[in-house]
Undergrad: 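Below is one structure. I have some questions about it.
From a predicted model like this one, the values you see are computed outputs, not experimental measurements. Naming: A, B, ... by sequence-line order, numbering from 1 per chain.
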Amino acid sequence: MKSKIQSVKGTRDFYPEQMAFRTWLYGKVREVSERFGYQEWEAPFLETLDLYAAKSGEELVKQQAFVFQDRGGDEITLRPELTPSLARLVAARQAQLGKPIRWWSFGPFWRYERPQKGRSREFFQWNIDLLGPDNPEADAEMAAIGATFFRAVGLEAGEVKIQVNNRKLLERKVEELGVRGEVAAVFKLIDKRDKMSAEAWEGYATETVGLSAEQLSGLKDILSNRELWRESESLVRFFENVKALGVAEYIEYEPTIVRGLDYYTGTVFEARDRDGEFRAILGGGRYDNLVDAVGGDPLPATGFAMGDMVISLVIEKYGKKPALAVSPTQVLVTLFDEKGAADALGLARDLRAAGLNTEIYPQAAKLDRQLKYADGKGIRLVAILGPEEAAAGAVSLKDLAARSQRRVPRAEIAEEIRRSLDSGRGS
RNA sequence: GUGCCUGUAGCUCAAUGGCAGAGCGCUGGACUGUGGAUCCAGUUGUUGUGGGUUCGAGACCCAUCAGGCACCCCA
């Protein structure tokens with residue numbers, strides 16, 4: 001065996017079967033995005049390092065971005081996320097863009113990380129953002145879009161949930177504990193809670209973050225108070241809106257959600273499967289300062305991102321993966337011998353002209369071979385054109401799914417195929 | 001970037017330091033113009049890669065690459 005060139009670490013190959021699923025997922029993303037009136041857009045895959053320098057979490061850029069020098073010596077980054085690009089595009093044409101801006105996008109991103117389940121170095125991500133309004137109605141719309149997507153792919157509220165919190169509320173509560181200027185450290189502490197043992201976490205809280213016993217106890221009260229949202233006018237309205245939008249069953253308050261990225265400013269959320277088996281399915285929130293941070297005028301914004309890997313695992317786990325037709329072929333034209341080749345090619349041409357996806361068996365072969373091929377590839381209809389049919393000016397149309405066959409005059413074959421496809425659609 | 005686990009046929013996996021195997025798949029036939037089932041036959045390897053120990057290595061040791069898990073971070 002010859003030595004094979006390996007693929008780049010952390011990348012995935014999309015054979016037709018995987019590509020069909022990716023396309024299906026993209027279709028669901030499009031369907032839901034457009035249902036809420038969002039426009040599709042796209043940014044370059046390459047951006048300057050400067051774009052990310054001040055904005056994203058420092059770790060994300062410094063340690064996890066693919067950065068290289070171009071031939072002119074400029075620092076170029078393979079985009080690790082989309083939101084800074086969004087802010088850049090919006091800032092560049094801020095005056096002429098009508099508000100609110102409702103945009104969505106689905107494309108590839110790169111992060112230089114250790115690959116593991118639900119995480120690779122090259123992945124696809126759905127981004128959807130609403131810029132303009134700074135009210136809880138906009139936040140609720142985002143959560144509703146996420147929930148509507150789950151419904152669209154068949155995931156029920158008993159299987160996935162969207163957990164919500166508000167950074168301003170949390171910040172206020174933390175400050176009430178008498179923690180000054182160390183809010184970011186406390187947020188990090190909160191984020192770690194599920195990942196450490198209770199003792200280790202408390203040790204980290206008192207020793208590293210420097211909380212007093214009293215403050216720690218107060219913090220624990222905050223994090224276990226599932227009714228805390230009632231103290232935030234913004235969250236109260238958020239939950240009212242979510243109810244009105246018909247997705248309340250998917251959404252719940254979770255005091256430990258803070259999100260990792262530094263640019264979030266208000267309501268934040270992330271979705272998980274109810275068993276907590278996987279990492280977050282999607283994550284997002286309000287980021288009101290980002291547009292002016294890249295040189296635009298201040299513009300409030302909210303949005304979220306969903307990677308393709310975790311959602312795929314969740315869809316698979318709950319048995320919601322659809323049976324997808326991998327071959328686009330609607331009808332296979334048989335080939336018996338070289339003498340009949342011109343006739344078969346002519347039939348294929350006519351069927352294609354009639355708008356049918358038509359494939360011809362590429363060489364003369366026994367009929368059972370050709371039928372096996374069609375069966376294996378999931379092609380339902382086979383147009384059999386052998387010496388007998390040719391002599392009669394007809395074609396035999398076999399429906400592999402219905403196990404039926406009938407002889408049709410050559411002139412009517414395209415119409416007959418169309419009828420068969422329509423009748424088989426429901427079953 | 002840190003720690004741990006794993007790597008054998010296309011796939012899933014066996015093989016006490018002693019002849020590299022099974023199931024599935026694939027190919028052909030039973031069936032010269034009729035598919036999924038069944039039966040029969042056949043096919044599949046530089047044991048991830050490179051070194052080392054040993055009379056002898058798929059197994060032990062080192063390195064390296066890839067995958068997985070936990071950190072870190074996050075989609």
Undergrad: Would Phe109(A) and Phe124(A) count as a ring pair (Phe, Tyr, Trp, His ring centres under 6.0 Å) if you check the C-alpha gap in whole Å, the side-chain angles of each, and the deciding distance to 0.1 Å?
TA: CA-CA 6 Å; Phe109(A) 295 85; Phe124(A) 287 80; 8.6 Å; no
Undergrad: Looking for any heavy atom pair under 4.0 Å, which part of the strands does Lys377(A) touch: base, sugar-phosphate only, or nothing?
TA: nothing
Undergrad: Which one, C73(B), A75(B), G35(B), comes nearest to the side chain of Asp375(A)?
TA: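 Among the listed nucleotides, the one closest to the side chain of Asp375(A) is G35(B).
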Undergrad: Tell me the partner of A75(B), counting only Watson-Crick (N1-N3 plus N6-O4 or O6-N4) or G-U wobble (N1-O2 and O6-N3) with both under 3.5 Å; none if nothing fits.
TA: none
Undergrad: Is there a donor in the side chain of Arg418(A) and an acceptor in the side chain of Gln330(A), or the other way round, less than 3.5 Å apart?
TA: no
Undergrad: Are Tyr373(A) and Glu359(A) linked by a side-chain donor-acceptor pair shorter than 3.5 Å?
TA: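 Judged by distance alone, the side chains do pair up.
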Undergrad: With distance as the sole criterion, do the side chain of Gln405(A) and the base of U34(B) form a donor-acceptor contact below 3.5 Å?
TA: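 Indeed, a donor on one side and an acceptor on the other fall under 3.5 Å apart.
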Undergrad: The side chain of Arg114(A) is closest to which nucleotide in this list: G33(B), C69(B), C74(B)?
TA: C69(B)
Undergrad: Rounding to an integer number of Å, can you tell me how far Lys372(A) NZ sits from G35(B) P?
TA: 8 Å
Undergrad: Could you check whether the side chain of Arg403(A) and the base of G36(B) have a donor-acceptor pair of N or O atoms closer than 3.5 Å, going by distance alone?
TA: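 Yes.
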Undergrad: Applying a 3.5 Å limit to both distances, which nucleotide forms a Watson-Crick or G-U wobble pair with A22(B)?
TA: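 By the stated definition (distances under 3.5 Å), U12(B) pairs with A22(B).
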Undergrad: Would Arg119(A) and Phe123(A) count as a cation-pi pair here, with the cationic atom under 6.0 angstrom from the ring centre and within 45° of the axis?
TA: no
Undergrad: Given atom CG of Leu371(A) and atom P of U34(B), what is their separation to the nearest angstrom?
TA: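 About 9 Å, once rounded to whole Å.
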Undergrad: Please compare Lys9(A) and Gly386(A) by the position of their nearest nucleotide in RNA chain B and report the one closer to 5'.
TA: Gly386(A)
Undergrad: Using a 4.0 Å heavy-atom cut-off, does Ala374(A) contact any base of the nucleic acid, only the sugar-phosphate backbone, or nothing at all?
TA: nothing
Undergrad: OP1, OP2 of A70(B) versus side-chain N and O of Gln116(A): anything below 4.0 Å?
TA: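 Yes, Gln116(A) has a side-chain N/O under 4.0 Å of OP1/OP2 on A70(B).
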Undergrad: Determine the Euclidean distance between corresponding P atoms of A37(B) and C24(B); express it in Å to zero decimal places.
TA: 12 Å
Undergrad: Is Ile384(A) touching bases, backbone alone, or none of the nucleic acid, heavy atoms closer than 4.0 Å?
TA: base
Undergrad: I need the CZ-C1' distance between Arg279(A) and C73(B), as an integer number of Å.
TA: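 From Arg279(A) CZ to C73(B) C1': 9 Å.
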Undergrad: Which part of the nucleic acid, if any, lies within contact of Gly284(A), taking any heavy atom under 4.0 Å across all strands shown: a base, the sugar-phosphate backbone alone, or nothing?
TA: nothing
Undergrad: Separation of Ile315(A) atom CD1 from A75(B) atom C1', in whole Å?
TA: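 Distance, rounded to whole Å: 14 Å.
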Undergrad: For G56(B), which nucleotide is its Watson-Crick or G-U wobble mate, given both distances must be under 3.5 Å?
TA: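 Its partner: none found.
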Undergrad: Kindly indicate whether the side chain of Lys366(A) and the base of U32(B) share any N or O donor-acceptor pair separated by less than 3.5 Å?
TA: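 Absent.
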Undergrad: Pick the P atom in C74(B) and in C5(B), then give their distance to the nearest Å.
TA: 28 Å
Undergrad: Say you pick atom P in G51(B) and the same atom in G42(B); how far apart are they, in whole Å?
TA: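 G51(B) and G42(B) have their P atoms separated by 37 Å.
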Undergrad: Using only modelled atom types and a 3.5 angstrom limit, is any donor from either the side chain of Glu389(A) or the base of G33(B) paired with an acceptor on the other?
TA: yes
Undergrad: Quantified in whole Å, what is the P atom distance between nucleotide A57(B) and nucleotide U47(B)?
TA: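 It works out to 12 Å between them.
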Undergrad: If you measure from the P atom in A22(B) to the same atom in A15(B), how many Å do you get, rounded?
TA: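 Their P atoms lie roughly 15 Å apart.
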Undergrad: Mind telling me whether Trp126(A) and Phe149(A) have parallel, tilted or perpendicular rings, with 30° and 60° as the class edges?
TA: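 Geometry flag for Trp126(A) against Phe149(A): tilted rings.
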Undergrad: Which part of the nucleic acid, if any, lies within reach of Glu270(A) when heavy atoms closer than 4.0 Å are counted: base, sugar-phosphate only, or nothing?
TA: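 It contacts nothing in the nucleic acid.
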Undergrad: Measure CZ/Arg121(A) against P/A66(B) and give the value in whole Å, please.
TA: 8 Å
Undergrad: Distance only, no hydrogens: is a donor on one side chain within 3.5 Å (strictly under) of an acceptor on the other, for Glu122(A) and Ser120(A)?
TA: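 On atom types as modelled, these side chains do not qualify, holding no pair under 3.5 Å.
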Undergrad: Name the nucleic acid region contacted by Ser120(A), choosing base, sugar-phosphate or nothing; use a 4.0 angstrom heavy-atom cut-off, strictly under.
TA: base
Undergrad: Looking at Val160(A) and Ile281(A), what are the two nearest heavy atoms and their distance?
TA: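 Smallest interatomic distance, heavy atoms only, reads CG1-CD1, 3.8 Å.
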Undergrad: I'd like to check, for Phe336(A), whether its ring lies over the base of G33(B) with centroids under 5.5 Å apart and a plane angle smaller than 30°.
TA: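 It does not: the two rings, one from Phe336(A) and one from G33(B), miss the stacking criterion.
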Undergrad: Do Asn166(A) and Thr267(A) get their side chains close enough for a donor-acceptor pair, meaning under 3.5 Å?
TA: yes
Undergrad: What is the distance, to the nearest angstrom, from the CZ atom on Arg119(A) to the C1' atom on C73(B)?
TA: 6 Å
Undergrad: In Watson-Crick or G-U wobble terms, both distances under 3.5 Å, what is the partner of G67(B)?
TA: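 Because both required distances fall under 3.5 Å, G67(B) counts as paired with C5(B).
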Undergrad: Answer with base, sugar-phosphate or nothing: what part of the nucleic acid does Gln370(A) contact at a heavy-atom distance below 4.0 Å?
TA: nothing
Undergrad: Take Leu400(A) and Gly118(A), find for each the nucleotide of RNA chain B with the closest heavy atom, and name the residue whose nucleotide sits nearer the 5' end.
TA: Leu400(A)
Undergrad: Taking the P atom of each, how far is A59(B) from G50(B), in whole Å?
TA: 13 Å
Undergrad: Mind checking if Pro115(A) touches a base, just sugar-phosphate, or nothing, with heavy atoms under 4.0 Å?
TA: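 Answer is sugar-phosphate: Pro115(A) comes under 4.0 Å of backbone atoms only.
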Undergrad: With rounding to whole Å, what would you report as the distance between G25(B) and U43(B) at their C1' atoms?
TA: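 Those two atoms are separated by 11 Å.
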Undergrad: In whole angstrom, give the distance that lies between atom CG of Leu367(A) and atom P of G35(B).
TA: 8 Å
Undergrad: Please report the distance, rounded to the nearest Å, between CZ in Phe109(A) and P in A75(B).
TA: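 So the CZ-P distance, Phe109(A) to A75(B), works out to 11 Å.
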Undergrad: If we take the C1' atom in both C13(B) and G58(B), what is their distance in whole Å?
TA: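 It comes out at 14 Å once rounded to the nearest Å.
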Undergrad: Paired with A41(B): which nucleotide, if any, by Watson-Crick or G-U wobble criteria at under 3.5 Å for both distances?
TA: U27(B)
